Amino acid sequence: MKKKKHIYIINGPNLNMLGKREPQMYGSTTLQEIETDCRYFAQDNGFELTFYQSNNECMIIEWIQNADGVADGIIINPAAFTHTSIAILDALKTVRCPIVEIHISNPYQRERFRHISYVSQVATGTICGFGAYGYILALSSMLNLLK
Ligand code: DQA
């Protein structure tokens, strides 16, 4: 039997607060609900899913490093680290699988400091501005890349 594709979704700081956090910006869906929707999507489409969240940059870097050779694709919402973390960019440069960047909001409609994304340098593409549904769009784009 063919080995199932394994997709990682990595979430950065404060995304554990979705649902409570600035609902006018990020909506009312919790990260737990996003994970559940992603798991249904994984079941329906026959791939394996690892879903992570941390407020800690170091953890995120370790998950990325450990993904090399294990994950077939990485979807990442680095949250505020998008705009600051050269370390996360460098970690992503060490993995050989496709990377899709996702944001719930559209950072380009927001403050200027959110217009810079280090991660975009290594991402095949970015999905932003579609709310929580962006995670399903990101998964579907990743599956298309892995075909
Ligand atoms: C975010 C956008 C970032 O600018 C912000 O710092 C976040 C969430 C998003 O999903 O829209 O924490 O990545």
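What you are looking at is a predicted structure, and each value in this text was computed from that prediction instead of being measured. For ligands, and for the atoms within them, numbers begin at 1 and follow the listed sequence.
Judged as a salt bridge (charged side-chain N to carboxylate O under 4.0 Å, His left out), and not counting sequence neighbours, the contacts of Arg114 are Glu111.
In this structure, the side chains of Tyr8 and Asn66 stay at 4.5 Å or more apart for every pair of heavy atoms.
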Less than 3.5 Å apart, N/O on ligand 1 and N/O on the protein: could you list those pairs with the distances?
from: ligand 1; atom 1: 4 (O); to: His83; atom 2: NE2; distance (Å): 2.7
from: ligand 1; atom 1: 4 (O); to: Arg114; atom 2: NH1; distance (Å): 2.9
from: ligand 1; atom 1: 6 (O); to: Ala80; atom 2: N; distance (Å): 3.2
from: ligand 1; atom 1: 6 (O); to: Arg114; atom 2: NH1; distance (Å): 3.0
from: ligand 1; atom 1: 10 (O); to: Asn77; atom 2: ND2; distance (Å): 2.9
from: ligand 1; atom 1: 10 (O); to: Ile104; atom 2: N; distance (Å): 2.7
from: ligand 1; atom 1: 11 (O); to: Ile104; atom 2: N; distance (Å): 3.2
from: ligand 1; atom 1: 11 (O); to: Ser105; atom 2: N; distance (Å): 2.8
from: ligand 1; atom 1: 11 (O); to: Ser105; atom 2: OG; distance (Å): 2.6
from: ligand 1; atom 1: 12 (O); to: Arg21; atom 2: NH1; distance (Å): 3.1
from: ligand 1; atom 1: 12 (O); to: Arg21; atom 2: NH2; distance (Å): 2.9
from: ligand 1; atom 1: 13 (O); to: Asn77; atom 2: OD1; distance (Å): 2.8
from: ligand 1; atom 1: 13 (O); to: His103; atom 2: ND1; distance (Å): 2.8

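Pairs of residues two or more places apart, or lying in two chains, that qualify as side chain to side chain donor-acceptor pair (under 3.5 Å) and include a residue from residues 82-93 are Glu57-Ser85. Within the structure, side chain to side chain donor-acceptor pair (under 3.5 Å) pairs that include any residue of residues 121-132 comprise Glu101-Thr126 (at least two apart or interchain).
With ring centers used as reference points, His115 lies 6.0 Å or more from Phe113.
Looking at Tyr135 and Asn11, their side chains do bring a donor and an acceptor atom within 3.5 Å of each other.
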